[in-house]
Asker: 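Dumping the structure here so I can ask a few things about it.
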Amino acid sequence: MPTSEADRAHGYRAGRFAVVDPATGEALDEAPDQQPDELDAVVDRAHRAWHGWRADPAARSAALRAAAGAVEAAGDDLARLLTREQGKPLAESYAEVARTAARLRYFADLAPRTRRIVDGRPVRSEVRWRPLGPVAAIVPWNFPLQLAAAKFAPALAAGNTMILKPSPFTPLATRLLGSVLSAVLPEDVLTVVTGREPLGARLASHPGIRHVTFTGSVSTGRAVAEAAAASLARVTLELGGNDAAVLLDDVDVDRIADRLFWAAFRNCGQVCMAVKRVYAPARLHAEVVEALAQLAKTVAVGPGLDPDTRLGPVSNAPQLARIEQVTRQALADGARAAAGGHRVDGPGYFFAPTILTDVPPGTPVVTGEQFGPVLPVLPYGSLDEAVEAANGTGFGLGGSVWGTDPDRAEAVAERLECGTAWVNDHAELSLAQPFAGVKDSGVGVAGGPWGLYGNLRPFVVHRPEES
């Protein structure tokens, strides 16, 4: 692929592409622009490595525990590079590195269980589990390391090999992670490939790939599923979210405001399961807007390497343009910005944390996924109206209900059409729990034992029972 005008302007060579620091808008480094025709050799090596990797579960567990230790030892370098290419505050990058190591350690100690089938027949039937083969993972730019580990840790633990493709916006920390892991994993068990499209499309459709796991937008997820269908590969798709937070009429606004704000604005709002809409009782609506707006106006926004920063830049220029577009559309439709509503002057991809009120319910910032530091707060009259609105989009990743009576809040949470519902919290996850969406938010299950079994196939051994 020829270099782009932007790459040439920064002096990068053919076969490489520029990676931009979102805090400055300037090129940070370059990464290899690998071509689709290079994947045949990569997949072939992964397939050959699979035969040895799947054969020894004890060795796999030991290697994954060693991998967790290697990630922790490289934590400083990984976290700083992650912040520079993705933009998030350094403390959040350290947390992402820690989560990456923790996931490796968790799956190192998880193994599938053989199950005996007892149904009254004079036979002995056992369900055992076998790995699938080479797995492809396509990872987005919002949590490059954490989401990569969410895919490769269970896949490797199950005995598969993996080819990992990060977003071209954030390939650097993932390449470093691959280098760190290569020191403790057998050769070709985990391979990182970087490049721009059509590399991802070719990886998803490659006939040597047996499972494609993808996190990203709904539209791209559909394309990945179509590509994988050509070889009947299994797919796991974690797609968009438009999570609603429903505040009950007994909610203590002052008590929850800070937690609610960060449930929406952590990682600059670039979280699939972030709160993206708030529904507040009409009598409390103004109070909720004011509390959230005050936090938005006072939060420290700046480069992620600045220790005072709480909110970094938007991660890339196309996403910044989308956030600007949906915000302008909402304001043109009659919404009012109680805080923010505009880019921050100066270099980099900064957008002022924004609280919108008087938002028409049909505007795209409500019905779509803004994936940025913009939060609409909408009033409701009856609780039934709020639940209907919360469920009234094509998304179904997560949702939450907030109030002083947790039993009542849980009863409302049961009515939400989503994969995970929280009470008085949001986006709090355990490594041991399943993570899945409904409707347009995904296919398949990640996390916990479900994530492990998603990388295995059942194998039945059937024999007559001995007398």
Asker: Please indicate whether Arg463 has more than 12 foreign heavy atoms, meaning atoms of other residues, nucleotides or ligands, lying under 6.0 Å from its CZ.
Answerer: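 No, because the 6.0 Å sphere around CZ of Arg463 holds 12 heavy atoms or fewer from other groups.
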
Asker: If you look only at pairs with a residue in residues 216-236, which of them pass as a side-chain hydrogen bond (donor to acceptor under 3.5 Å, both in side chains), with sequence neighbours excluded?
Answerer: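 Sorted pair list: His211-Thr236, Ser217-Ser219, Ser217-Thr220, Arg222-Asp440.
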
Asker: Mind checking whether His47 and His51 have parallel, tilted or perpendicular rings, split at 30° and 60°?
Answerer: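 Judged by the thresholds at 30° and 60°, the geometry between His47 and His51 is perpendicular.
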
Asker: Testing the 3.5 Å rule here: is there a donor-acceptor pair between the side chains of Trp422 and Thr420?
Answerer: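 Per modelled atom types, Trp422 and Thr420 side chains form no pair under 3.5 Å.
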
Asker: For Pro57, does its backbone N or O pair with a side-chain atom of Ser61 as donor and acceptor, under 3.5 Å?
Answerer: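 Confirmed, Ser61 side chain pairs with Pro57 backbone.
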
Asker: Does Arg54 count as lying over the ring of Trp50, i.e. NZ or CZ under 6.0 Å from the six-ring centre, within 45 degrees of the axis?
Answerer: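 Yes, Arg54 and Trp50 form such a contact.
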
Asker: Is the side chain of Thr161 donor-acceptor paired with the backbone N or O of Ala46 at a distance under 3.5 Å, no angle test?
Answerer: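 Yes, because the side chain of Thr161 sits within donor-acceptor range (under 3.5 Å) of the backbone of Ala46.
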
Asker: Is the count of non-hydrogen atoms from other residues, nucleotides or ligands lying under 6.0 Å from Glu410 atom CD greater than 12?
Answerer: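 Count not over threshold, so no.
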
Asker: Set out, in order, the CA-CA distance, both residues' side-chain angles and the distance that settles side chain to side chain contact (heavy atoms under 4.5 Å, CB included) for Thr354 and Leu375, then state yes or no.
Answerer: CA-CA 6 Å; Thr354 298; Leu375 181 65; over 6 Å; no

Asker: For Val401, is there any backbone N or O sitting under 3.5 Å from a side-chain donor or acceptor partner on His426?
Answerer: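 The answer is no, because no donor-acceptor pair under 3.5 Å joins these two groups.
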
Asker: Using ring-ring contact (aromatic ring centres under 6.0 Å, His included) as the criterion, list what pairs up with Tyr453, not counting sequence neighbours.
Answerer: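 Counting only residues at least two positions away or on another chain, Tyr453 forms a ring-ring contact (aromatic ring centres under 6.0 Å, His included) with Trp129.
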
Asker: Do the side-chain N and O atoms of Ser93 and Thr83 include a donor-acceptor pair separated by under 3.5 angstrom?
Answerer: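 Yes, Thr83 and Ser93 have a side-chain donor paired with an acceptor closer than 3.5 Å.
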
Asker: Can you confirm whether Arg80 is buried at CZ, in the sense that more than 12 heavy atoms of other residues, nucleotides or ligands lie under 6.0 Å from that atom?
Answerer: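 Atom CZ in Arg80 is not packed in, count stays at 12 or less.
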
Asker: Roughly how far, to the nearest 0.5 Å, is OG1 of Thr174 from CG of Leu82?
Answerer: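 Leu82 CG to Thr174 OG1: 8.0 Å, rounded to 0.5 Å.
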
Asker: Trp450 and Phe107: aromatic ring centres closer than 6.0 Å?
Answerer: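 Centroid separation for Trp450 and Phe107: 6.0 Å or greater.
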
Asker: Checking Asp243 side chain against Ala264 main chain: does a donor-acceptor pair fall under 3.5 Å?
Answerer: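 A pair under 3.5 Å: no.
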
Asker: If you define the side chain from C-beta out and look only at heavy atoms, does anything of Arg343 sit under 4.5 Å from Phe350?
Answerer: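 Result no, sub-4.5 Å side-chain heavy-atom pair not found.
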
Asker: Check the pair Gln329 / Thr363 against side chain to side chain contact (heavy atoms under 4.5 Å, CB included), numbers first and verdict last.
Answerer: CA-CA 7 Å; Gln329 182 67 57; Thr363 197; 4.0 Å; yes

Asker: Can you tell me if CZ on Arg210 sees more than 12 non-hydrogen neighbours from other groups inside 6.0 Å?
Answerer: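 Count over threshold, so yes.
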
Asker: Determine, stepwise, if the pair Glu126 / Arg124 fulfils salt bridge (charged side-chain N to carboxylate O under 4.0 Å, His left out).
Answerer: CA-CA 7 Å; Glu126 286 187 345; Arg124 180 183 180 91; 3.1 Å; yes

Asker: Counting distance only, does the side-chain N/O of Arg175 pair as donor-acceptor with the main-chain N or O of Val192 below 3.5 Å?
Answerer: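 Between the backbone of Val192 and the side chain of Arg175 there is no qualifying donor-acceptor contact (under 3.5 Å).
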
Asker: Quick check: does any side chain N or O of Ser430 sit under 3.5 Å from a backbone N or O of Ala432, one acting as donor and the other as acceptor?
Answerer: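 Here the side-chain-to-backbone pair exists.
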
Asker: Spell out, as yes or no, whether a donor-acceptor pair under 3.5 Å connects the side chain of Arg259 to the backbone of Asp425.
Answerer: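 Not a single qualifying donor-acceptor pair exists.
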
Asker: Stepwise, does the salt bridge (charged side-chain N to carboxylate O under 4.0 Å, His left out) test hold for Arg16 with Asp29?
Answerer: CA-CA 10 Å; Arg16 317 284 289 183; Asp29 204 339; 5.9 Å; no

Asker: Would the distance check show the side chain of Asn160 and the main-chain N or O of Ala155 forming a donor-acceptor pair, the cut-off being under 3.5 Å?
Answerer: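 Checked: pair present.
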
Asker: Is there a side-chain contact between Pro353 and Val301 (heavy atoms, below 4.5 Å)?
Answerer: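 Side-chain contact under 4.5 Å: yes.
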
Asker: Between Val135 and Val212, does a side chain to side chain contact (heavy atoms under 4.5 Å, CB included) hold up when you go through it step by step?
Answerer: CA-CA 6 Å; Val135 175; Val212 182; over 6 Å; no

Asker: Measure from the side-chain N and O atoms of Glu92 to the backbone N and O of Pro89, and report whether any donor-acceptor pair falls under 3.5 Å.
Answerer: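 The answer is no, because no donor-acceptor pair under 3.5 Å joins these two groups.
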
Asker: Any luck finding a side-chain donor-acceptor pair between Thr215 and Lys151 under 3.5 Å?
Answerer: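 The criterion, which ignores hydrogens and geometry beyond distance, is satisfied for Lys151 and Thr215.
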
Asker: Would the distance check show the side chain of Glu238 and the main-chain N or O of Ala436 forming a donor-acceptor pair, the cut-off being under 3.5 Å?
Answerer: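 Side chain of Glu238 to backbone of Ala436, a donor-acceptor pair under 3.5 Å: no, none is there.
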
Asker: After noting the C-alpha distance and the side-chain angles of Phe214 and Val443, does the key distance pass the side chain to side chain contact (heavy atoms under 4.5 Å, CB included) rule?
Answerer: CA-CA 10 Å; Phe214 168 83; Val443 173; over 6 Å; no

